[in-house]
Amino acid sequence: AKHDGRGAFRFFEASLDEAARKRRQMEVDLRDALQNGEFRLNFQPIFDLKADRIGGFEALLRWAHPVRGEVGPAEFIPVAEEIGLITAIGEWVMHEACRHATSWPDHVRIAVNVSPLQFRHPGFQAVILQALSRSGLAPNRLEVEITESVFLAGETPVLALLHRLREMGVRVALDDFGTGYSSLSYLRSFPFDKIKIDRSFVIGLAANDSSAAIVRAIVDLARALDMETTAEGVEDRDQLAQLRDQGCGNIQGYFFSRPVEGTGVDALLKTVFAQ
Ligand code: C2E
Ligand code: CA
Ligand code: CA
Ligand code: CA
């Protein structure tokens, strides 16, 4: 091929410029998004297989960008973390999530994702206390979802905070379980209320690879440690059947429902799911 190496390099440089420009624009736009009311929460049901009903909802952040339309959290949360905006955004999420959940039936919990930076911020416990007292939500209806990456910057202060949350009655879930480097060691450090089995293992169930054995091992381990399990990203009936066989307690995914707006929650709570 008559390939001009120099030209390819220029093209590469130009697309780097373009990426950097888009990135800077997103930073600028993110700084305004909170004030402009561009964020909202969606809620995805977590189905309790034993009780045969919805046991809770996970709050998932959405950004309605004035020009680009909806931007997903996977794209903007890393940027918000880098520019230190995640603490303020996370505080808004916590208040908004608790406010919504107060109008739900008592047995329905709200799960809130907390980024490592937000979790380690000195004001985090105060934010939770304030969100609970302002909304009047019972602490045991709030479940904080953290990933093992919160431990990377030092385990001791994180464990102390986890225990304080526990004393307040707030529940703690370990998210994306099995994808990190040392998930098992953190199970030894803190008695999480729940383990969320990462979607990659649920996907593997169909491929007939080692995922089924791994899911079974996680479920058994969780049971021995007196922790609940939720499988993420369940998209079809076969996955559901396998997870049920393996004793997984809760199911979350498009098979039951995609994330819905706050106004869609009531309808979902009235739905009888035919499994
Ligand atoms: P996550 O905590 O693992 O959340 C689950 C993600 O999987 C959500 O993506 C959800 O919409 C998606 N999902 C649920 N069921 C299925 C399914 O059956 N199939 C597929 N393909 N996907 C499914 P979403 O809403 O785009 O969020 C992505 C990530 O962004 C979340 O991953 C979480 O890490 C982060 N995030 C979302 N909201 C917040 C927030 O309020 N604060 C923080 N710090 N992070 C958030
Ligand atoms: Ca989560
Ligand atoms: Ca997850
Ligand atoms: Ca995940």
Side-chain angles (χ1 to χ4, degrees), residues 30 33-34 38-47 54 56-65 69-101 109-121 124 127-128 131 142-150 171-180 183 192-206 218 228-240 243 248 250-262 264 268:
L30 261 181
L34 209 49
E38 291 164 10
F39 290 119
R40 61 178 204 289
L41 294 182
N42 277 359
F43 302 92
Q44 187 179 34
I46 300 169
F47 195 82
I54 291 173
F57 288 85
E58 179 175 3
L60 294 162
L61 187 56
R62 297 292 177 259
W63 179 19
H65 188 282
E70 183 152 305
V71 184
E75 194 181 340
F76 70 81
I77 282 179
V79 180
E81 285 179 330
E82 228 167 277
I83 62 178
L85 220 58
I86 193 64
T87 311
I89 295 174
E91 181 171 351
W92 178 86
V93 169
M94 190 61 72
H95 279 278
E96 189 71 1
C98 291
R99 187 177 70 76
H100 273 271
R109 296 198 175 102
I110 179 72
V112 180
N113 291 288
V114 175
S115 106
L117 273 171
Q118 183 194 0
F119 190 84
R120 292 197 306 265
H121 189 271
F124 180 64
V127 167
I128 290 203
L142 173 63
E143 188 164 84
V144 164
E145 294 194 1
I146 58 172
T147 60
E148 65 173 64
S149 53
V150 298
R171 291 166 51 96
V172 186
L174 187 56
D175 204 353
D176 299 344
F177 187 79
T179 57
S183 305
F192 294 93
D193 295 281
K194 177 185 267 188
I195 294 172
K196 297 194 78 171
I197 302 170
D198 192 69
R199 186 165 80 91
S200 54
F201 298 110
V202 175
I203 293 171
L205 290 175
I218 296 175
E228 291 178 33
T229 42
T230 295
E232 303 183 311
V234 180
E235 293 187 355
D236 61 50
R237 196 175 298 273
D238 285 349
Q239 292 167 343
L240 169 63
L243 289 160
C248 184
N250 304 272
I251 299 293
Q252 183 179 358
Y254 297 168
F255 181 66
F256 278 109
S257 169
R258 289 186 175 252
V260 298
E261 305 268 334
L268 273 175

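All ligand and atom numbering here is 1-based and tracks the order in the structure.
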Is it true that K196 lies under 4.0 Å from ligand 1, counting heavy atoms only? no
For atom 13 (N) of ligand 1, which of the options F255, F256, Y254 provides the nearest non-hydrogen atom? Y254
Ligand-residue contact atoms, ligand 1 with Q44, heavy atoms, under 4.0 Å: 14 (C), 15 (N)
Residue portion contacting ligand 1 (non-hydrogen atoms closer than 4.0 Å) for D176: side chain
Can you name the N/O/S atom of E232 that is nearest the Ca ion (ligand 3)? OE2
Nearest-0.5 Å distance that lies between atom CD1 in I218 and atom CD1 in I195: 7.0 Å
Closest to the Ca ion (ligand 2), among the N/O/S atoms of E58, is atom OE2
To the nearest 0.5 Å, tell me how far F256 CZ sits from L240 CG. 5.0 Å
Determine, using heavy atoms of G90 and all atoms of ligand 1, whether some pair is separated by less than 4.0 Å. no
Name the residue from V93, V112, N113 that meets the side chain to side chain contact (heavy atoms under 4.5 Å, CB included) definition with L61. V93
Under-4.0 Å salt bridge between R171 and E228: yes
Q118 heavy atom under 4.0 Å from ligand 1: no
Below 4.0 angstrom, N of the basic side chain to O of the carboxylate: do E261 and R40 qualify? yes
Against heavy atoms of V93, which atoms of ligand 1 measure under 4.0 Å? 41 (O)
Let me confirm one number: the CZ-CD1 distance from R109 to I46, rounded to the nearest 0.5 Å. 9.5 Å
Using a 4.0 Å heavy-atom threshold (strictly under), name the region of R62 that reaches ligand 1: side chain, backbone, both or neither. side chain
Does Q252 offer a backbone N or O that forms a donor-acceptor pair with the side chain of E232 under 3.5 Å? no
Could you tell me, atom by atom, which parts of ligand 1 come under 4.0 Å of a heavy atom of D175? 2 (O)
Where ligand 1 meets E235 - atom numbers and elements under 4.0 angstrom, heavy-atom basis: 17 (C), 18 (O), 19 (N), 20 (C), 21 (N)
Taking every non-hydrogen atom, the tightest pair across F76 and G72: CD2-O, 3.1 Å
What class does the angle between the rings of W63 and F39 fall in, given that below 30° is parallel, 30 to 60° is tilted and above 60° is perpendicular? tilted
Quick one: pull up CD in E143 and NZ in K196 and give me the separation to the nearest 0.5 Å. 7.5 Å
Can you tell me if Q252 has a non-hydrogen atom under 4.0 Å from ligand 1? no
Check each atom of ligand 1 against the heavy atoms of P259 and keep those under 4.0 Å away; list them by number with element. 11 (O)
Heavy atom under 4.0 Å from ligand 1: found in L60's side chain, backbone, both, or neither? both
To the nearest 0.5 Å, what is the distance between CD on E58 and OG1 on T230? 9.5 Å
3.0 Å cut-off met by an N, O or S atom of E145 to the Ca ion (ligand 2): yes
The atoms of ligand 1 lying under 4.0 Å from a heavy atom of E232, numbered in the order shown, are 3 (O)
Take every heavy atom of R258, measure it against each atom of ligand 1, and state whether any distance is under 4.0 Å. no
Quick one: does any side-chain atom of Q239 pair with a main-chain N or O of D236 as donor and acceptor, under 3.5 Å? yes
Nitrogen or oxygen of E58 less than 3.5 angstrom from that of ligand 1: yes
So for V112 against ligand 1, with non-hydrogen atoms under 4.0 Å, the contacting part is neither
Option nearest atom 44 (N) of ligand 1 (shortest heavy-atom distance, choices P78, S115, A97, G233): S115
How is the N/O/S atom of D176 that comes nearest to the Ca ion (ligand 3) named? OD1
The Ca ion (ligand 3) to nearest N/O/S of D175 less than 3.0 Å: yes
The single option from L174, D175, V172 that satisfies side chain to side chain contact (heavy atoms under 4.5 Å, CB included) with E145 is D175
Donor-acceptor contact below 3.5 Å, side chain D198 vs main chain F177: no
